[in-house]
Number of protein chains: 2
Amino acid sequence: MSSVAKSPAAKAALPEKTAEKAPKRVRRTAEEARRLILDAAEERLAKQGPEGLRLQDIARDVGISHPAILHHFESREGLVRALIARANKQLRDTMLTALGGGHVSTDAADHIDHVFRALSDRGTARLLSWLLLTGRASESSDAHNIMGEIVAALQARREEYAEMKGKPAPDKEDTLFMAMLTANAAFGEAIVGRQLAEGAGLDQDGIKRFRAWFAKLLNDHWDGDR
Amino acid sequence: MSSVAKSPAAKAALPEKTAEKAPKRVRRTAEEARRLILDAAEERLAKQGPEGLRLQDIARDVGISHPAILHHFESREGLVRALIARANKQLRDTMLTALGGGHVSTDAADHIDHVFRALSDRGTARLLSWLLLTGRASESSDAHNIMGEIVAALQARREEYAEMKGKPAPDKEDTLFMAMLTANAAFGEAIVGRQLAEGAGLDQDGIKRFRAWFAKLLNDHWDGDR
DNA sequence: ATTTATATTGACAACAATGTCAGTATATCT
DNA sequence: AGATATACTGACATTGTTGTCAATATAAAT
């Protein structure tokens, strides 16, 4: 990323007619180009925030000219929408497969860690946050379904677990609240986490301990009093 | 805030020389002007996100011309810095006075509600979030101290409470984690809260119930096992 | 090899936003 | 009242960013 792709320097060798053209243009498939562009945009967004999302910069990152981006996404807004759609999809997939994995009910720590990783460690939460901050929330009605699906899956797991233990079925709202708290905390951590941790003198390992602590809190509540 | 101050409409009464000038320019004190500008900027930011922070818009809201803003804040960046500084200060004050109020140890619900109100209901968390997303974190080294102060105050309360109950003093890190979780959750709620709540079919009252639920969770932990 | 479709580019247009400046009006001080 | 400091304005300069367009190169099809 230090040295940008140069135009062919070996061009003025022969002043003959053979030397006057050496275009060497890269041509990707549309799908591949879109993927590269989205990747670059995501990275910029994660690193520099909303104001770092400029077509020219992204183009430079990919090594293309900025009209190419317009060609693939119509407009800047189109690019943003594509970004949103992909982030939502990734999030949904990650969460649901995590919920689907077997070892949930016994140990919430892994589970919490999954959620935090999916949202916080990778830039997804920051991306989604920015989307929400800029008021583009309504466009991604997917978010609704995602939350619904997750809570449903979680509730199913919980009832299953309760039955196994011979306990009464847990309250649906209680499950919802657990999910909401987790989501809120993960988003919050994605944004203020590093800042808070630094302020409190917590290192990377301390953050891990925090997540474990949180997992335990939820775990206790999971098969606790209620 | 609905009707902006209008320029004098009663001006074309006499076509005489007396009617040709009616400047009626408002002149505030520098302090007052700065306050108004910051208020307007804050509101824009809360409503429309980062991209809504344009000098011309803010100026229109206040009823002045945009160079006036530059006059008071040097540059756009200056305005942003002032915004940050004020938000930090407000946050610190709110939190510490909330911590200082007597009824903390017995009922965490009020307390949690205070925190959420200070961060979430008003636009503070969104503002700070945007600041963090845009990477302006380093400029507000105040944040460090804030977190430190709060945790210290909380820990003091907790030790006091533990002694009253004749229990062993709580772990400092445990207190820190409680504060971190609360902060994360409040920030998260400020950003994704409405979206999640809608997706889950929760109304305003449901959000209140969630906060109460969270408060209870912390409360139980407060004088619980550890 | 020729044709076809389209990914890609450079140059330019259009616009928006910050910032500059010289001048104007208003509160305050003497 | 007159003088002074400065909050404020309108017009302009500047810069940066999105978007348009005609032209070009390249992969795939015939």
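No experiment lies behind these values; they were computed from the predicted model shown. Within every chain, numbering begins at 1; the chains are lettered A, B, ... in the order of the sequence lines, protein sequences first and strands thereafter.
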Exercise for the section: For the pair A:R34 and A:E31, find out whether any cationic side-chain nitrogen is under 4.0 Å from an anionic carboxylate oxygen. Expected result: no
What's the [atom1]-[atom2] distance between [X] and [N], to the nearest Å?
X: B:Q56; N: C:dA16; atom1: CD; atom2: P; answer: 10 Å
X: B:E32; N: C:dT28; atom1: CD; atom2: P; answer: 13 Å
X: A:R60; N: C:dT9; atom1: CZ; atom2: C1'; answer: 16 Å
X: B:R28; N: C:dA27; atom1: CZ; atom2: C1'; answer: 13 Å
X: B:H71; N: D:dG10; atom1: NE2; atom2: P; answer: 16 Å
X: B:I64; N: C:dT26; atom1: CD1; atom2: P; answer: 16 Å
X: A:I58; N: D:dT17; atom1: CD1; atom2: P; answer: 11 Å
X: B:L36; N: D:dA7; atom1: CG; atom2: P; answer: 14 Å

Problem - Nucleotide nearest B:R27 (side chain, heavy atoms from C-beta), chosen from D:dA5, C:dA7, C:dT8 - result: D:dA5
Exercise for the section: Respond yes when some side-chain nitrogen or oxygen of B:H72 is under 4.0 Å from OP1 or OP2 of D:dT6, and no when none is. Expected result: no
Fill in the blank from the handout: The side chain to side chain contact (heavy atoms under 4.5 Å, CB included) partners of B:Q48 (sequence neighbours excluded) come to B:R44
Practice task
Taking atom CZ of B:R86 as the centre, report whether more than 12 heavy atoms of other residues, nucleotides or ligands fall under 6.0 Å from it.
Solution key: yes
Practice task
Would you indicate whether B:R209, at its atom CZ, is surrounded by more than 12 heavy atoms from other residues, nucleotides or ligands within a distance under 6.0 Å?
Solution key: yes
Practice task
Could you check whether A:L53 gets within reach of a base, just the sugar-phosphate, or nothing at all, counting any heavy atom under 4.0 Å?
Solution key: sugar-phosphate
Practice task
Pick base, sugar-phosphate or nothing for B:R54, based on heavy-atom distances below 4.0 Å to the nucleic acid.
Solution key: sugar-phosphate
Practice task
Would you kindly say whether A:T175 and A:Q155 are connected by a side-chain donor-acceptor distance under 3.5 Å?
Solution key: yes
Exercise for the section: Kindly indicate whether the side chain of B:W130, heavy atoms from C-beta on, has any atom under 4.5 Å from the side chain of B:V80. Expected result: yes
Problem - Validation row: B:T94, B:T124 side chains within 4.5 angstrom (heavy atoms) - result: no
Protein-nucleotides 19-23 of chain D N/O pairs closer than 3.5 Å?
| from | atom 1 | to | atom 2 | distance (Å) |
| --- | --- | --- | --- | --- |
| D:dG19 | OP2 | A:R76 | N | 2.7 |
| D:dG19 | N7 | A:H66 | NE2 | 3.2 |
| D:dG19 | O6 | A:H66 | NE2 | 3.3 |

